[in-house]
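Notes for the one structure printed next.
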Number of protein chains: 2
Amino acid sequence: MSSEKPDTRTRILDSAWKLLESGTGGEVRMSDIARAAGISRQALYLHFPKRAELLVATTLHVDAVKNVDARLAASRAATGGVERLDAFIEAWGNYIPEIYGVGRALMAMQETDAEARHAWESRMQAVREGCEAAVRALERDGVLSPDHPGERATDLLWTLLSVRNWEQLVRQCGWTQKDYVEAMKRTARQTLVRQA
Amino acid sequence: MSSEKPDTRTRILDSAWKLLESGTGGEVRMSDIARAAGISRQALYLHFPKRAELLVATTLHVDAVKNVDARLAASRAATGGVERLDAFIEAWGNYIPEIYGVGRALMAMQETDAEARHAWESRMQAVREGCEAAVRALERDGVLSPDHPGERATDLLWTLLSVRNWEQLVRQCGWTQKDYVEAMKRTARQTLVRQA
DNA sequence: TCCAAGCTTGACACCGTGTCAAGTTGACAT
DNA sequence: ATGTCAACTTGACACGGTGTCAAGCTTGGA
C-alpha cells in the first residue's frame with residue numbers, strides 16, 4: 001500500500017469513481033477504467049488484481065475525499081435523542097448520492113463475489129452503528145417507541161435508510177434530495193419516537 | 001405458447017423455480033436448470049431463447065400457481081381505508097417470500113438486461129397499483145396524513161414494501177415473517193394515517 | 001553502465017450465454 | 001414397411017468479460 005507510488009493509483013481511483021458516478025447505463029468494465037486512467041488493462045491488474053478490490057479501494061478513496069467519517073461523527077454531537085436522530089439522517093442521507101455510483105457497482109457484485117459482499121457489509125456497518133447510536137440516544141431520553149423491542153428499532157431505521165430506498169425514491173420516483181431527507185426524518189420520528 | 005406441449009415446458013418452469021427458490025448461494029445457470037429438468041442445455045434454449053425470457057416465464061408461472069392476482073385483489077374487498085391498507089400489506093407482505101427466489105434473479109439481471117428490467121418493472125406495477133388504491137381509500141376516508149402531497153404517500157408505501165426491505169429485515173436481520181408484516185402495518189399506519 | 005520498477009503488447013485460459021449443424025428417437029400416417 | 005415430423009441429442013464454436021502469463025520497452029537512480 002504505502003510502498004506504492006500514489007500517482008497512478010490515485011489516477012485509477014479517480015477514473016473509476018468518475019466512471020461509476022456518471023453511471024453510463026452499462027456496467028463499467030476494467031478496460032474502461034484502464035483507458036480512463038491512461039494505462040493498459042494489464043497494468044491495471046498490476047495495481048488491483050481483482051475487480052472487487054478496485055471497487056473496494058474506490059469506495060475507501062471516495063470516503064476519504066468526501067470526509068464521510070467526519071460527517072457521520074459530527075452528527076453524534078447533538079445532545080437530545082430526537083435531534084441526534086435528525087442529524088444522523090441528515091448526514092447519512094446527504095452522503096448517499098455522493099457515493100451512490102460506487103455503491104451501486106459494489107451492490108451489483110454482491111450477488112456473485114464474496115469479497116464484494118463482505119466489503120459492502122463492512123461498509124454498511126458504519127451506518128448500522130450510526131443507527132444504533134441514534135436509537136440508544138432515544139432510549140436514554142425515554143422517548144423510544146415501545147413498539148420495537150430489542151434491536152428492532154435499529155433494524156427498522158437501518159432499512160429505512162438503505163441505499164436501495166434512496167435509489168427508489170430519488171432516482172425512480174423523482175423526489176428531490178431535500179424531499180427525501182425531510183420525509184425520512186419525519187418517518188423515523190413517527191415510527192421510532194413515542195407519540196405523546 | 002399454446003402450440004407447445006405443456007409437459008416439458010412446465011417441468012422446466014418448475015425446476016427453475018425450485019432452484020431459484022432454494023437459493024443455493026451462487027447464481028443459477030441455464031445448465032443447472034436444464035439438468036434439473038432432465039434435458040440438455042441446448043434443448044432448454046429451444047424453449048426459452050434467452051435467460052431473461054425463462055426468468056420472466058417462471059415468474060408468471062409462479063404467479064399463477066400462487067394465485068397472486070386473486071390474493072391481491074381480495075385485499076381490495078375491505079371497505080374502510082385503514083382496513084384496506086392493512087389487508088393489502090398483509091396480502092403482499094405474505095406473498096413476497098413465495099416469489100423472492102425468482103424475483104431476486106430478475107432483480108440481479110436488471111442491471112444488465114433491458115428485458116429483465118422491463119419485466120420486473122411491469123411486475124412491480126401491480127404492487128404499485130395496490131399501494132395507490134390503498135392510499136386513495138385513505139384519502140376518500142379523509143384520514144390520509146397531510147405530510148405527503150400528491151403521489152408521495154404512494155411512493156413511500158411502495159418503497160416501504162419493497163422486496164429489498166423484506167430481504168433486509170427477514171433474511172439479514174432475522175425477523176420472522178409475522179414480525180415483518182406487523183411492523184410494516186404499524187409503520188404504514190403511523191406515517192400515512194393522520195394522527196388524532 | 002547496469003539494474004529495477006513500471007509499463008507495454010500479445011496471447012491465452014476460463015466461464016457463462018447463445019448459436020449452429022448433424023444425427024437419433026419415437027409417434028403417427030400412408 | 002416407409003416416410004416424415006417434432007423433440008431431443010451431442011459436439012463444436014463465437015462472443016464478451018475477467019484474470020494470467022511471458023517477453024520486450026522506457027526511464028530514473030546507484
Side-chain angles (χ1 to χ4, degrees), chain A residues 1-16 19-20 23-58 102 104-117 119, chain B residues 1-16 19-20 23-58 102 104-117 119:
Chain A
M1 286 239 170
S2 58
S3 66
E4 205 169 352
K5 267 193 194 170
D7 254 67
T8 309
R9 192 173 207 271
T10 309
R11 218 169 56 239
I12 292 170
L13 260 17
D14 281 337
S15 306
L19 281 176
L20 291 165
T24 339
E27 294 286 291
V28 176
R29 289 172 292 272
M30 292 298 269
S31 49
D32 297 329
I33 296 167
R35 198 179 321 113
I39 57 170
S40 68
R41 195 174 65 89
Q42 291 89 330
L44 177 54
Y45 278 100
L46 248 37
H47 290 267
F48 303 97
K50 308 277 164 193
R51 186 181 141 90
E53 266 181 56
L54 170 53
L55 253 29
V56 171
T58 306
V102 190
R104 193 184 138 92
L106 219 41
M107 283 191 289
M109 281 199 80
Q110 277 200 99
E111 327 270 343
T112 52
D113 192 294
E115 188 177 349
R117 178 163 45 255
Chain B
M1 282 245 169
S2 59
S3 68
E4 205 168 352
K5 267 192 195 169
D7 254 66
T8 309
R9 192 172 207 271
T10 310
R11 217 169 54 239
I12 292 171
L13 260 17
D14 282 336
S15 305
L19 281 176
L20 290 164
T24 339
E27 293 287 290
V28 176
R29 288 171 293 271
M30 291 298 268
S31 50
D32 297 328
I33 296 168
R35 198 180 319 113
I39 58 171
S40 68
R41 194 174 66 87
Q42 291 89 329
L44 177 54
Y45 277 99
L46 249 36
H47 291 267
F48 303 96
K50 308 276 166 194
R51 186 182 143 88
E53 268 181 56
L54 171 53
L55 254 28
V56 171
T58 306
V102 189
R104 191 186 140 93
L106 219 41
M107 284 191 288
M109 280 199 82
Q110 277 200 98
E111 327 270 341
T112 53
D113 192 294
E115 187 176 352
R117 179 163 46 254

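Only this structure's heavy atoms are used, side chains among them; waters, hydrogens and symmetry mates stay out. A note on names: the letters A, B, ... follow the listed sequences, proteins ahead of strands, and every chain is numbered from 1.
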Checklist entry - Does a side-chain N or O from His47(B) land closer than 4.0 Å to OP1 or OP2 of dC8(D), or not? => result yes

Checklist outcome for this item: With the side chain defined as heavy atoms from C-beta on, Ala43(B) is closest, among dT17(C), dC8(D), dG19(D), to dC8(D)

Item to check | Distance, nearest 0.5 Å, that separates OG1 of Thr58(A) from CD1 of Ile33(A) | outcome: 6.5 Å

Item to check | CG on Asp113(A) to CZ on Arg51(A), rounded to 0.5 Å | outcome: 9.5 Å

Next on the checklist: My understanding is that only residues two or more places apart in sequence, or in another chain, count here; which of them pass salt bridge (Lys or Arg N to Asp or Glu O under 4.0 Å) with Arg117(B)?
Outcome noted: none

Next on the checklist: What is the separation between atom OH on Tyr45(A) and atom P on dC12(C), rounded to the nearest whole Å?
Outcome noted: 18 Å

Item to check | Listed nucleotide nearest any side-chain atom of Ile39(A), set dT20(D), dT8(C), dG16(C) | outcome: dT8(C)

Item to check | Rounded interatomic separation in angstrom, taking CZ from Arg51(B) and P from dT19(C) | outcome: 15 Å

Next on the checklist: Nearest whole Å is fine: how far is dT20(D) C1' from Met30(A) CE?
Outcome noted: 13 Å

Next on the checklist: Nearest heavy atom decides the nucleotide; on that basis, is Pro49(A) or Gly38(B) closer to the 5' end of DNA chain D?
Outcome noted: Gly38(B)

Checklist outcome for this item: Taken to the nearest 0.5 Å, the spacing of Met30(A) CE from Gln42(A) CD works out to 11.0 Å

Item to check | Selected nucleotide, minimal atom distance to Arg29(B) side chain, candidates dC7(C), dG17(D), dG16(C) | outcome: dG16(C)

Checklist entry - Any side-chain heavy-atom pair from Ile39(B) and Leu46(B) closer than 4.5 angstrom? => result no

Checklist outcome for this item: From CG of Leu54(A) across to P of dG17(D) the rounded distance in Å is 16 Å

Checklist entry - Taking atom P of dT10(D) as reference, at what distance in whole Å does atom CG of Leu44(B) sit? => result 14 Å

Item to check | Under-3.5 Å donor-acceptor pair between Arg41(A) side chain and dG17(D) base | outcome: no

Checklist entry - What distance separates Asp32(A) CG from Arg41(A) CZ, expressed to the nearest 0.5 Å? => result 11.0 Å

Checklist entry - Taking CZ from Arg35(A) and C1' from dG17(D), how many angstroms apart are they, rounded to a whole number? => result 13 Å

Next on the checklist: Just N and O in the side chain of Ser40(B): are any of them under 4.0 Å from OP1 or OP2 of dT9(D)?
Outcome noted: yes

Which atoms of nucleotides 21-28 of chain C (N or O only) lie under 3.5 Å from a protein N or O atom, and what are those distances?
none

Checklist outcome for this item: Value for CZ (Arg11(B)) from NE2 (His47(B)), rounded to nearest 0.5 Å, stands at 8.5 Å

Item to check | Of the listed nucleotides dT17(C), dT18(D), dC7(C), the one nearest the side chain of Thr8(A) | outcome: dC7(C)

Checklist outcome for this item: When rounded to whole Å, the CD to P distance for the pair Glu27(B) and dC15(C) reads 16 Å

Checklist entry - Do the side-chain N or O atoms of Lys50(B) get closer than 4.0 angstrom to the phosphate oxygens (OP1, OP2) of dT19(C)? => result yes

Item to check | Value in whole Å for how far the C1' atom of dA6(D) lies from CZ of Arg9(B) | outcome: 17 Å

